Structures are given as C-alpha cells and as structure tokens.
Amino acid sequence: MVCQEIKDFLAAHADARYAAFVTSLMPGARPVVGVRLPVLRALAKEIAKGDWRTYLEEAVDDTFEEVMLQGYVTGAARMPFEEQMDRMTAYVRKINDWALCDSPCSGFKFVRKHREEVWAFLQPYLT
C-alpha cells in the first residue's frame, strides 16, 4: 500500500468520538484520526504479508495511527533478527507517547526468541 491508500483507509475507518478519547489520553501528541487498534493490527498483518519493506521506507509520520501502524508492521513482518532490531531502532525514534510504545511493542513476538539481545538493546533507553 502507498501512503495515499493508507490515508484513505484510515479516513474510512475513523471514529471521531474515539479520536477525541485518544487525544484526551495523550495531550500534545500527533494528530489522531480515531482508528481503533484492532483495525490497525489487521491492516499491519495485511501489509506484513506483502511488500512491507517498501511500506516502511515510504511511510509518513503525519498521524498517531500512521506511526502506530509502522510499529505493528515492524513487529508482524518476517525478517532476520538483525534487520528487525534495525527497524525497531528506527521505530523507537518515532515514539513520543506511551501508546506508541506499549501497543506495538507488546506484540513483538521475536522478543521471546531473543530475550538477552533485546534486553541489551533496551538498556540505553532505561537510562
């Protein structure tokens, strides 16, 4: 999917009341469209089955949902561990609120297989 297709998808699944709720939890965060997380997760799984590398290279950070989707795709796409860590490093730079951290990162299944390496990766962020 290209950037405009993502924006169109998000607009089609937007819920203004949900956007207001999310915005109230994260004042000062990126603009919120109001797409519920299960919808974003499903879209991420779809993207991860296709050309996810192109998606991640071209993705924009205009909205909360667009950044969240990048995190979900990073966790869902199959790739070598080293690449996953590089992509996770790129995603971490975009995190500016608790939800962008907690929601995607809690689903990173690759962490189970590489606990020690991921723990070492996280150490600089803990300080």
Side-chain angles (χ1 to χ4, degrees):
M1 297 182 104
V2 295
C3 293
Q4 190 56 51
E5 290 175 310
I6 297 292
K7 288 183 182 301
D8 293 344
F9 179 91
L10 296 175
H13 292 83
D15 177 339
R17 288 180 58 192
Y18 185 67
F21 169 71
V22 172
T23 301
S24 74
L25 297 175
M26 300 175 305
R30 287 179 177 85
V32 176
V33 177
V35 179
R36 295 184 181 272
L37 298 185
V39 174
L40 289 176
R41 283 188 203 105
L43 178 58
K45 286 180 184 177
E46 181 183 324
I47 293 170
K49 291 177 187 174
D51 187 8
W52 56 267
R53 283 184 176 92
T54 299
Y55 162 72
L56 287 174
E57 295 303 320
E58 296 177 357
V60 296
D61 304 340
D62 295 344
T63 66
F64 169 80
E65 287 84 355
E66 288 170 296
V67 177
M68 180 78 74
L69 184 60
Q70 293 170 48
Y72 284 142
V73 171
T74 297
R78 293 180 187 252
M79 65 186 87
F81 176 70
E82 293 76 20
E83 181 179 2
Q84 198 122 40
M85 296 306 294
D86 288 342
R87 295 200 179 268
M88 195 160 91
T89 299
Y91 179 70
V92 166
R93 290 186 199 117
K94 299 176 183 201
I95 296 173
N96 66 346
D97 64 64
W98 63 269
L100 290 174
C101 180
D102 292 3
S103 294
C105 296
S106 67
F108 286 177
K109 294 180 182 177
F110 66 90
V111 172
R112 293 182 192 133
K113 293 180 183 176
H114 302 279
R115 288 181 190 267
E116 290 181 26
E117 296 96 329
V118 173
W119 181 250
F121 169 83
L122 292 173
Q123 292 309 299
Y125 298 104
L126 297 176
T127 58

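Worth saying up front: this structure is predicted, and the values here are computed from it rather than measured.
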Quiz item: Is there a path of hydrophobic side-chain contacts, each under 4.5 Å between heavy atoms of I, L, V, M, F, W or Y residues, that connects Met88 with Trp98?
Solution: yes
Practice problem: Please report the closest heavy-atom contact between Pro104 and Ala99, naming both atoms and the distance. | Solution: CD-O, 3.6 Å
Quiz prompt | Apart from Trp119 itself, residues in the same hydrophobic cluster as defined by side-chain heavy atoms under 4.5 Å | solution = Leu126
Quiz item: Rounded to the nearest 0.5 Å, how far apart are OG1 of Thr74 and CG of Leu56?
Solution: 4.5 Å
Quiz prompt | Trp52 side, atom CH2; Arg78 side, atom CZ - distance, nearest 0.5 Å | solution = 12.0 Å
Show me, pair by pair, the donor-acceptor contacts under 3.5 angstrom made by side chains of residues 34-42, not counting sequence neighbours?
residue, atom, partner, partner atom, Å
Arg36, NH2, Asp15, OD2, 3.4

Quiz item: What is the distance from atom CE of Met26 to atom CZ of Phe64, rounded to the nearest 0.5 Å?
Solution: 4.0 Å
Quiz item: CG of Leu43 to CG of Leu10: how many Å apart, nearest 0.5 Å?
Solution: 7.0 Å
Quiz item: Counting heavy atoms not belonging to Glu116, are there more than 12 under 6.0 Å from its CD?
Solution: no
Quiz prompt | Short N-O contact, Glu82 and Arg87, less than 4.0 angstrom | solution = no
Quiz item: What distance separates Leu122 CG from Cys105 SG, expressed to the nearest 0.5 Å?
Solution: 8.5 Å
Quiz prompt | Test item: Ser106 side-chain N/O and Ser103 main-chain N/O as donor-acceptor pair under 3.5 Å | solution = yes
Self-check item: Contact summary for Ala120 and Pro124, nearest pair of heavy atoms
Solution: O-CD, 3.6 Å
Self-check item: Distance in Å, Ile47 CD1 paired with Lys45 NZ, rounded so as to fall on 0.5 Å steps
Solution: 13.0 Å
Practice problem: Would you name the heavy atoms of Phe108 and Gly71 that are closest together and state the gap between them? | Solution: CE2-O, 3.3 Å
Exercise. Verify the cluster assignment for Val60 and Val67: are they in a single hydrophobic cluster under the rule of side-chain heavy atoms below 4.5 Å apart?
Key: no
Self-check item: Those residues that, when tested against Tyr18, pass ring-ring contact (aromatic ring centres under 6.0 Å, His included) (two or more places apart)
Solution: none
Practice problem: Taking all heavy atoms of Pro80 and all of Arg53, pick out the closest pair and write down the distance. | Solution: CD-NH2, 4.3 Å
Exercise. Could I get the full list of side chain to side chain donor-acceptor pair (under 3.5 Å) partners for Arg30, not counting sequence neighbours?
Key: Asn96
Exercise. Test side chain to side chain contact (heavy atoms under 4.5 Å, CB included) on Val33 and His13 and set out the steps.
Key: CA-CA 9 Å; Val33 177; His13 292 83; over 6 Å; no
Exercise. With the side chain counted from C-beta on, respond yes when Tyr55 and Leu69 share a heavy-atom pair under 4.5 Å apart, and no when they do not.
Key: yes
Self-check item: For the student: nearest non-hydrogen atoms of Asp97 and Ile95, plus distance
Solution: O-CG2, 3.5 Å
Quiz prompt | Closest approach of Ala77 to Gln84 (non-hydrogen atoms, all atoms of both residues) | solution = O-NE2, 3.6 Å
Quiz prompt | side-chain hydrogen bond (donor to acceptor under 3.5 Å, both in side chains): pairs with one or both residues in residues 60-70, sequence neighbours excluded | solution = Lys7-Asp62, Lys7-Glu66, Asp61-Gln70, Asp61-Lys94, Thr63-Glu66, Gln70-Lys94
Quiz item: Going by the ring pair (Phe, Tyr, Trp, His ring centres under 6.0 Å) test, which pairs reach into residues 74-97, not counting sequence neighbours?
Solution: Phe81-His114
